Amino acid sequence: MEKKKVLITGASKGLGLAISKKLSGEYTLILHASKEENFTSVEPGSHILCADFSDAGQLAGFCKRLKAEHSDTLYAVINNAGVTFDKSLIYQPEREIETMLNVNLKAPILICKTAMKIFNQNKRGVIINISSVVGETGNAFQSVYAATKAGLVALSKSLAQEAAALNEKHEIRVLSVSPGFIETGMTVSIPEAEKEKYLKLIPAKRFGKADDIAEAIVYLLSEKASYINGTNIQINGGLV
Ligand SMILES: NC(=O)c1ccc[n+]([C@@H]2O[C@H](COP(=O)([O-])OP(=O)(O)OC[C@H]3O[C@@H](n4cnc5c(N)ncnc54)[C@H](OP(=O)(O)O)[C@@H]3O)[C@@H](O)[C@H]2O)c1
């Protein structure tokens with residue numbers, strides 16, 4: 001039997017790369033990055049589908065290809081690609097605001113739209129949108145980034161309800177995952193003094209690793225998680 005397909009956006013590094021390593025074997029992966037040359041390693045047998053999500057034309061082409069080439073056995077979508085430009089809103093150029101809105105929110109919305117069409121037809125599927133702890137708590141110098149991440153939580157809850165409204169019998173789940181402070185390229189440039197400050201707020205007394213998120217994704221995609229739907233799962237070491 002053909003393996004179920006899982007799309008992972010932003011799979012060239014960080015969380016997306018760790019998730020792809022954990023899911024490989026059980027699923028056929030569709031791996032996304034903004035450019036093919038950004039992949040340093042790719043799980044064997046994976047499909048590659050690249051697009052710069054800050055470019056409306058490339059995003060539209062990506063969704064079209066996803067539907068045309070992978071509708072048959074698409075089982076899940078992990079909307080993980082994301083970008084942040086940390087600074088005061090007062091000094092944030094509009095092009096950075098647009099990039100965060102397009103990559104972090106518009107792209108997941110349009111990919112969800114494509115996936116929901118496929119899942120409504122197949123009567124099954126899982127979407128996991130990668131949000132962030134700051135989508136709930138807010139964070140100084142990340143106001144636009146935090147706003148996009150809060151949007152993903154509301155998007156996921158709404159789509160879970162919509163899937164039920166459109167289908168009498170179905171196995172469609174939509175949820176979000178909010179990582180706390182995870183050691184990846186996205187957090188590497190945070191000044192040491194800031195990191196020390198965050199560490200004091202984490203009861204687990206360590207920053208998260210990409211595998212802490214990847215392990216949870218493996219579970220959330222599985223049948224064992226069939227009753228987890230329309231909610232936001234926080235994975236943050238107890239960050240308060
Ligand atoms: N690390 C954390 O502490 C943390 C905490 C909470 C939430 N998150 C969220 O988790 C997700 C993964 O973060 P990460 O830490 O793994 O970040 P990362 O290491 O910086 O990886 C980001 C991924 O997003 C892709 N991406 C960035 N800009 C893009 C664009 N314009 N078009 C298409 N793809 C683009 C990158 O692809 P390229 O290689 O092609 O650029 C890369 O694969 C993000 O949504 C982030 O907001 C992270």
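Whatever order the structure lists them in is the order used to number ligands and atoms, beginning at 1. What you are looking at is a predicted structure, and each value in this text was computed from that prediction instead of being measured. Nothing fancy with the numbering, it's 1 onward along the sequence.
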Check the pair Ile213, Ile182 against side-chain contact (heavy atoms from CB on, under 4.5 Å), reporting the backbone distance first and the verdict last.
-> CA-CA 9 Å; Ile213 306 302; Ile182 313 295; 3.8 Å; yes
In plain terms, say whether Lys197 and Glu194 are close enough for a salt bridge, that is, a side-chain N and a carboxylate O under 4.0 Å apart.
-> yes
In this structure, CG of Leu105 is separated from OH of Tyr145 (nearest 0.5 Å) by 12.5 Å
Just distance, no hydrogens or angles: give the donor-acceptor pairs under 3.5 Å from side chains in residues 10-31, sequence neighbours left out.
| from | atom 1 | to | atom 2 | distance (Å) |
| --- | --- | --- | --- | --- |
| Ser20 | OG | Leu17 | O | 2.7 |
| Lys22 | NZ | Glu215 | OE2 | 3.0 |
| Ser24 | OG | Glu43 | OE1 | 3.1 |

Side chain to side chain donor-acceptor pair (under 3.5 Å) partners of residues 199-213, not counting sequence neighbours, each pair once = Arg206-Asp212
Apart from Ile90 itself, members of its ILVMFWY cluster (side-chain separation under 4.5 Å) are Tyr91
Do any nitrogen or oxygen atoms of ligand 1 lie under 3.5 Å from a protein nitrogen or oxygen, and which ones?
| from | atom 1 | to | atom 2 | distance (Å) |
| --- | --- | --- | --- | --- |
| ligand 1 | 1 (N) | Ile182 | O | 3.2 |
| ligand 1 | 1 (N) | Thr184 | OG1 | 3.1 |
| ligand 1 | 3 (O) | Gly180 | O | 3.4 |
| ligand 1 | 3 (O) | Ile182 | N | 2.8 |
| ligand 1 | 3 (O) | Ile182 | O | 3.1 |
| ligand 1 | 15 (O) | Thr184 | OG1 | 2.4 |
| ligand 1 | 16 (O) | Leu15 | N | 2.8 |
| ligand 1 | 24 (O) | Gly82 | N | 3.3 |
| ligand 1 | 31 (N) | Asp52 | OD1 | 2.9 |
| ligand 1 | 32 (N) | Phe53 | N | 2.9 |
| ligand 1 | 37 (O) | Ser12 | OG | 3.4 |
| ligand 1 | 39 (O) | Ser12 | OG | 2.6 |
| ligand 1 | 39 (O) | Lys13 | NZ | 2.9 |
| ligand 1 | 40 (O) | Ser34 | N | 2.8 |
| ligand 1 | 40 (O) | Ser34 | OG | 2.6 |
| ligand 1 | 40 (O) | Asn38 | ND2 | 2.7 |
| ligand 1 | 41 (O) | Lys13 | NZ | 3.4 |
| ligand 1 | 43 (O) | Gly10 | O | 3.1 |
| ligand 1 | 43 (O) | Ser12 | OG | 2.7 |
| ligand 1 | 45 (O) | Asn80 | O | 2.7 |
| ligand 1 | 45 (O) | Lys149 | NZ | 2.8 |
| ligand 1 | 47 (O) | Tyr145 | OH | 2.5 |
| ligand 1 | 47 (O) | Lys149 | NZ | 3.0 |

